[in-house]
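Data first, discussion second: the structure below is written as structure tokens.
Naming: A, B, ... by sequence-line order, numbering from 1 per chain. What's counted below: heavy atoms across the whole structure, side chains too, no hydrogens, waters or symmetry copies. From a predicted model like this one, the values you see are computed outputs, not experimental measurements.
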Number of protein chains: 2
Amino acid sequence: MSGGSRPSKSQRTRATLQEIALRLFDEQGYEATSVAQIAQEAGVSHMTFFRHFPSKEEVVLEDEYNPLLEELIRGQPATVSGVERVHAAVLTGLERLGESDRYALLRRVGLLLSIPALRSRIDENLASARTAFERGLAADGEDGTPSLAVRAVAAACSAVLSAAVVDWAQGEGEQDLAGLVDEAFRALRGAV
Amino acid sequence: MSGGSRPSKSQRTRATLQEIALRLFDEQGYEATSVAQIAQEAGVSHMTFFRHFPSKEEVVLEDEYNPLLEELIRGQPATVSGVERVHAAVLTGLERLGESDRYALLRRVGLLLSIPALRSRIDENLASARTAFERGLAADGEDGTPSLAVRAVAAACSAVLSAAVVDWAQGEGEQDLAGLVDEAFRALRGAV
DNA sequence: CCCAAAATGTTAGTAGATAACATTATTTCG
DNA sequence: CGAAATAATGTTATCTACTAACATTTTGGG
């Protein structure tokens with residue numbers, strides 16, 4: 001065998017399944033694609049699919065950026081307001097996004113928007129962002145459920161961010177995402 | 001051709017199904033309750049259930065207050081900020097809520113919170129509120145998709161309202177809902 | 001009472017998802 | 001290397017949400 005450590009078989013299977021699933025969703029639609037078909041084209045049984053993804057929807061729904069955002073928010077100076085902290089953290093996070101990451105995000109959100117059964121779940125995705133924001137905004141000593149004030153601000157920020165991202169994806173990524181984020185946060189600031 | 005409207009029986013069946021479903025969800029859990037069981041206890045076939053509710057989830061997910069809110073927002077003076085208009089409209093709407101309506105809302109949101117499969121859908125429920133807010137906030141001449149600014153503000157407001165309602169339901173309705181709404185909007189104002 | 005529309009039932013089927021158990025790869029270690 | 005241990009996958013059976021097509025009953029106005 002060749003030298004380096006290749007990804008485990010499990011990881012390869014998972015990647016293959018996801019790749020094929022997204023391609024099929026794109027080609028023939030989400031509803032029209034059955035898990036059985038995805039598994040078949042990947043050369044595995046349908047059970048293998050469910051061992052890698054808890055549900056068909058999870059192939060599309062996933063967001064790995066929230067932990068990063070939580071850290072970035074916590075890194076902001078406490079002297080500025082909560083919304084400002086989130087705003088700045090999001091911009092910093094965007095700068096760290098590579099071109100390919102950005103393209104993958106665009107493709108995933110675009111797919112989400114085009115699938116009626118999943119469109120409503122965008123807010124679910126948003127919910128995990130909100131949780132991350134809550135953790136990032138909570139005072140250091142705080143434990144347990146965050147206060148209503150923190151939750152309200154986190155909810156507002158994640159909703160505003162979501163609006164910007166959706167706008168970006170609907171415009172096929174032609175507009176600058178950071179610019180749209182700025183615009184959305186500016187709108188919130190102006191409307192309070 | 002005589003075509004009268006005679007809707008009575010259908011409405012009774014629907015009400016019975018909903019009543020029994022909510023009771024069973026409460027008694028034995030959402031997952032543990034099958035549509036077949038609901039139908040059986042209601043003395044109808046499972047097809048009748050699906051003729052009245054597009055899905056099992058829809059029995060719990062429903063919100064009839066959004067059109068009212070849209071109207072109330074539009075009725076606010078354009079001289080105040082967007083967030084202020086929504087805030088005031090929500091308070092007015094709450095005043096119009098009767099005691100029984102309030103209790104029904106509390107029970108429904110409480111059930112939503114206790115059902116893992118539906119908990120994430122709270123935001124979906126609020127998505128329709130967001131749409132109503134967008135319509136209420138949009139300038140009169142505007143048509144088609146609202147601007148990013150309007151969408152961002154509407155998203156933030158619906159998210160803030162959601163946080164307050166969830167807080168209220170989690171506290172078993174012991175706190176004053178209007179007070180919590182005030183607190184949440186105040187937090188947003190203070191964090192911008 | 002009559003009859004057309006509305007409401008409901010029957011039956012059969014698709015698809016997502018889980019469980020239990022068998023089988024095959026992969027890795028680890030003597 | 002080669003066998004034991006472990007991880008990954010396959011088979012099969014089953015449950016449940018949900019839909020389609022067609023048959024049957026109920027409802028309420030003329």
Side-chain angles (χ1 to χ4, degrees), chain A residues 1-22 24-25 27-62 111-112 115-121 124, chain B residues 1-22 24-25 27-62 111-112 115-121 124:
Chain A
M1 280 210 200
S2 54
S5 60
R6 41 192 294 205
S8 76
K9 172 147 196 200
S10 173
Q11 287 172 325
R12 265 178 304 153
T13 309
R14 192 193 141 94
T16 304
L17 279 167
Q18 185 162 35
E19 197 177 323
I20 290 180
L22 292 179
L24 289 178
F25 292 163
E27 285 174 6
Q28 59 188 32
Y30 178 81
E31 308 286 355
T33 305
S34 74
V35 171
Q37 186 189 0
I38 298 167
Q40 189 184 337
E41 297 223 3
V44 298
S45 85
H46 78 283
M47 277 306 300
T48 296
F49 177 92
F50 285 113
R51 284 192 181 107
H52 285 280
F53 300 96
S55 76
K56 182 182 174 186
E57 300 189 338
E58 282 304 314
V59 180
V60 188
L61 296 169
E62 57 174 21
L111 194 56
L112 267 178
I115 300 171
L118 292 184
R119 185 164 186 146
S120 57
R121 299 265 173 133
E124 197 168 321
Chain B
M1 55 163 89
S2 62
S5 50
R6 20 181 153 173
S8 168
K9 170 100 181 266
S10 174
Q11 287 174 330
R12 261 181 307 155
T13 310
R14 192 193 141 96
T16 305
L17 280 167
Q18 185 162 35
E19 197 176 323
I20 289 180
L22 292 179
L24 289 178
F25 292 162
E27 285 173 7
Q28 59 188 31
Y30 178 80
E31 308 286 355
T33 305
S34 73
V35 171
Q37 187 189 1
I38 298 168
Q40 190 184 337
E41 297 223 4
V44 298
S45 85
H46 78 284
M47 277 307 299
T48 296
F49 177 94
F50 286 113
R51 285 192 181 107
H52 284 280
F53 300 96
S55 76
K56 183 182 173 185
E57 299 190 339
E58 281 304 315
V59 179
V60 188
L61 298 168
E62 58 174 20
L111 193 56
L112 267 178
I115 300 171
L118 292 185
R119 183 161 188 149
S120 58
R121 300 261 174 136
E124 195 170 321

Would you say A/Thr13 places a side-chain N or O within less than 4.0 Å of OP1 or OP2 belonging to D/dT9?
yes
Under 4.0 Å between a side-chain N/O of B/His52 and OP1 or OP2 of C/dT8, yes or no?
yes
Qualifying residues under side-chain contact (heavy atoms from CB on, under 4.5 Å), relative to [X], sequence neighbours excluded:
X	value
A/Glu19	none
B/Gln40	none
B/Ala39	B/Val44, B/His46

Nearest-Å distance, [atom1] ([X]) to [atom2] ([N])?
X	N	atom1	atom2	answer
A/Gln11	D/dA7	CD	C1'	13 Å
A/Leu61	C/dG16	CG	C1'	15 Å
A/Arg12	C/dA25	CZ	P	13 Å
A/Gln40	D/dT11	CD	C1'	16 Å
A/Gln37	C/dT14	CD	P	15 Å

Suppose we screen for salt bridge (Lys or Arg N to Asp or Glu O under 4.0 Å). Which residues come up paired with B/Glu31, at least two apart in sequence or across chains?
none
Please report the interatomic distance CZ(A/Phe49) to CD(A/Gln18), rounded to the nearest 0.5 Å.
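Taking CZ in A/Phe49 and CD in A/Gln18, the distance rounds to 9.0 Å.
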Write out all pairs satisfying salt bridge (charged side-chain N to carboxylate O under 4.0 Å, His left out) with one or both partners inside residues 35-44 of chain A, taking only residues at least two apart or from two chains.
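Residue pairs passing salt bridge (charged side-chain N to carboxylate O under 4.0 Å, His left out), neighbours aside: A/Arg23-A/Glu41.
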Contact letters for nucleotides 15-21 of chain D, in which S counts primed atoms plus P, OP1 and OP2 and B counts the base, heavy atoms under 4.0 Å
--SBBBB
What bend angle does the helix from C/dC1-D/dG30 to C/dG30-D/dC1 show across its length, from five-pair end axes and to the nearest 10 degrees?
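The two end axes of the helix from C/dC1-D/dG30 to C/dG30-D/dC1 meet at 10°.
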Can you list every pair that meets side-chain hydrogen bond (donor to acceptor under 3.5 Å, both in side chains) and has a residue in residues 47-60 of chain A, with sequence neighbours left out?
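Every pair satisfying side-chain hydrogen bond (donor to acceptor under 3.5 Å, both in side chains) with a residue in residues 47-60 of chain A: A/Glu57-A/Arg121.
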Does any part of the side chain of B/Phe53, heavy atoms only, come nearer than 4.5 Å to the side chain of B/Leu61, both counted from C-beta?
no
Select base, sugar-phosphate, or nothing to describe what A/Thr48 touches, counting heavy atoms under 4.0 Å on all strands.
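It contacts sugar-phosphate atoms only.
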For A/Phe50, what residues pass the ring pair (Phe, Tyr, Trp, His ring centres under 6.0 Å) criterion, not counting sequence neighbours?
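Scan of A/Phe50 (ring pair (Phe, Tyr, Trp, His ring centres under 6.0 Å), adjacent residues dropped) gives none.
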